[in-house]
Protein chains: 2
Amino acid sequence: MATSDTRTRPVTLRDVAQLAGVSVATASKALNGKADVHPDTRRRVQEVADRLAFTPNSLARAITAGRTGTVGLLTHDLEGRFSLPILMGAEDAFGAGSTSVFLCDAREDAIREQHHLRALLGRRVDGLIIVGSRTDPRSSLGPDVPVPVVYAYAPSDDPDDASVVPDNVSAGRLAAEHLLTLGRRRIAHVSGDPTYAAAQDRATGVGQALAAAGLEQVGPVRFGSWSEAWGRAGVSAALDADPGIDAVVCGSDMIARGVLDALRERGVRVPQDVAVIGFDNWEPMIAGSRPALTSVDMNFETMGRRAATRLFSRIAGAAERGVETVAPRVVVRASTASG
Amino acid sequence: MATSDTRTRPVTLRDVAQLAGVSVATASKALNGKADVHPDTRRRVQEVADRLAFTPNSLARAITAGRTGTVGLLTHDLEGRFSLPILMGAEDAFGAGSTSVFLCDAREDAIREQHHLRALLGRRVDGLIIVGSRTDPRSSLGPDVPVPVVYAYAPSDDPDDASVVPDNVSAGRLAAEHLLTLGRRRIAHVSGDPTYAAAQDRATGVGQALAAAGLEQVGPVRFGSWSEAWGRAGVSAALDADPGIDAVVCGSDMIARGVLDALRERGVRVPQDVAVIGFDNWEPMIAGSRPALTSVDMNFETMGRRAATRLFSRIAGAAERGVETVAPRVVVRASTASG
DNA sequence: CTGTTAGCGCGTTCAG
DNA sequence: CTGAACGCGCTAACAG
């Protein structure tokens, strides 16, 4: 039957050369746009290659080139909230085609990380992007990895490594400044798990902005967990303590979602009575919120692009080290609409 | 120290052999556990390899082996809702280590798909998994792809291809049967975009279960969009038309989330007055819902494992063709708790 | 302009 | 038990 040739050996350059009646070297030069090939010859070779659907074997090419045109993306972010945008940014930066990305999920497990690391190095990736699951510094892979490494989202604890991280302090500042711009003066902050650097950093940023405006935050930062349930509970506690609150900074969009629900149920109007802002600009949370939620976007795609770009520089031999932050931006929606 | 040469060329088998004072062949045999090597020699080679952190070059190995130990996962699912669980299932099935996965995002774009396809084939992947963004059949890559292909989530329109898809008809049936088990008899169905096969299939399943129980659905299937807003609007319309509804099947967890909110705001108690069930068991939606949402899990990870397993069979030469469905399961939570 | 030769890193014969 | 030689697919350097 037709499937007899199931294992059709892929077409090689040799096949093309043979059918075009030239040597492999000539065929190679013709297809790679090198000089010193007669136009006619080039065209003929090109034609045959197309007809045979010839795909050059990158592996063989890699042997001599010394580079495989492949990078590894080793993530610990199970759900892909950070790693997918980063992957997309990286794909963009690498320019479709010349570089491909191996994605491995280490699931917060050092053993698995080690394992994938070996697998990736064995496949001779040209470089590695390591994505953490929180913004707290993580242990460096060390200087003995034979390829350049860039850490994304979670920085390496070794300042000599290259890291690209979101700027949560700026994000906090931006959030508070946005509320201040609207004329809000009695601002509370309901955040998530206080063991997360992201929670602390955002709180720091909020504090800076308020201090700069000569204001004090209404009540302490109410830390809890990264959940809607906590958002509901946290804002209730805040309102009970200080009914005069006119804005709430929420540690994440999920928390904001809970805050919005609780406010609505208490009959507090958003944004007229209280303005609400979240962090992450996470579509699934934003989409259903009432009113539509203003949020600080951490620009993960940019982070991916930057990580990829820095990795490229390092692959090319540049020194590239230290932590680079990615500036966030406020996406304004109804929950802080002026008026 | 050694790190002076930043671009430390990866250690090759030759290096190991030299330092161990043996030939490459001996080193190879020693490290690969082949017979006919003196135990002492083996140990010495092993030691040197460890000391040098030698990682065998899979690329070179692939040359002779004819297989690269690499598969491509080409997805159109931007957000990773399907492709990430599938990736994880695939990683599991491949057994950590021997096989790595190239993940590419084609973003619903045929050009990009073609492009990534070439890149993957050029890297000589042993096989491909193609993940669609909806369960509607997609055009086959055709028989000319030189490696085995398995389609996941979206089946190929060519029955000779191998596909692994969620069983949405069963899912609909399971959902309705679950409600029937609870004693609910007046069941409405609020679903999403009717152009999606998933919406139609789930509706079909619901209809089958009701018919089998000798019941009629309360009102038509209310199609709309895959959004919370539509969930709120849809259930309101349903209730206005038929106040006696005692259960609602929701086309997705997002819709269910909207339905729950609308019911609560109307003073309808869940599950006492109306039971609610969704589809997908999507954690971000489930987490914040009040009460906790019962949902039909489509078992994406299983889908990934099955896709990987079938791909393996095909790589090994098996015939493997046709569409395989993955059975869903109901995850019961408070929104349908009995009592 | 084109063909020949060498070699990349590794596994695999096949002689020693 | 060991080592030299071959080949995988391709490109670079050199001859013609």
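Order of the sequence lines fixes the chain letters, A, B, ..., with proteins taken first and strands second; residue numbering starts at 1 for each chain.
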- Start and end of the DNA chain D segment that chain B contacts, any atom under 4.0 Å from a heavy atom: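 Reading along DNA chain D, I get dC1(D) to dC8(D).
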For [X], answer base if it contacts any base atom (sugar-phosphate contacts may also be present), sugar-phosphate if it contacts only those atoms, and nothing otherwise; contact means non-hydrogen atoms under 4.0 Å.
{"X": "Val24(B)", "answer": "nothing"}
{"X": "Asp36(A)", "answer": "base"}
{"X": "Thr64(A)", "answer": "base"}

Do any side-chain nitrogens or oxygens of [X] fall under 4.0 Å of OP1 or OP2 in [N]?
{"X": "Lys34(B)", "N": "dT12(C)", "answer": "yes"}
{"X": "Thr26(A)", "N": "dG3(C)", "answer": "yes"}
{"X": "Thr41(A)", "N": "dC1(C)", "answer": "no"}
{"X": "Arg61(B)", "N": "dG11(C)", "answer": "yes"}

Do [X] and [Y] meet the criterion of a side-chain donor-acceptor pair at a distance under 3.5 Å?
{"X": "Ser140(A)", "Y": "Asp157(A)", "answer": "no"}
{"X": "Glu324(A)", "Y": "Ser163(A)", "answer": "no"}
{"X": "Arg138(B)", "Y": "Ser156(B)", "answer": "no"}

Item to check | Electrostatic pair Arg43(B)-Asp50(B), nearest N-O below 4.0 angstrom | outcome: no
Note to self: Under 4.0 Å between a side-chain nitrogen and a carboxylate oxygen: does that hold for Arg310(A) and Glu320(A)?
What the structure shows: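 Yes, this pair counts.
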- prompt: Can you find a heavy atom in the side chain of Val45(A) that is under 4.5 Å from one in the side chain of Lys29(A)?
  reply: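 The answer is no, as the side chains (C-beta and beyond) never meet within the 4.5 Å cut-off.
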By nearest-heavy-atom nucleotide on DNA chain D, the more 5' of Lys29(B) and Ala60(B) is Lys29(B)
Closer than 3.5 angstrom, by distance alone: can the side chain of Asp77(B) be matched with the main-chain N or O of Phe82(B) as a donor-acceptor pair? yes
* Runs of at least three consecutive Watson-Crick or G-U pairs, both distances under 3.5 Å, are what I'm after; which ones involve DNA chain D? =>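 Stem list for DNA chain D: C:1-16 with D:1-16.
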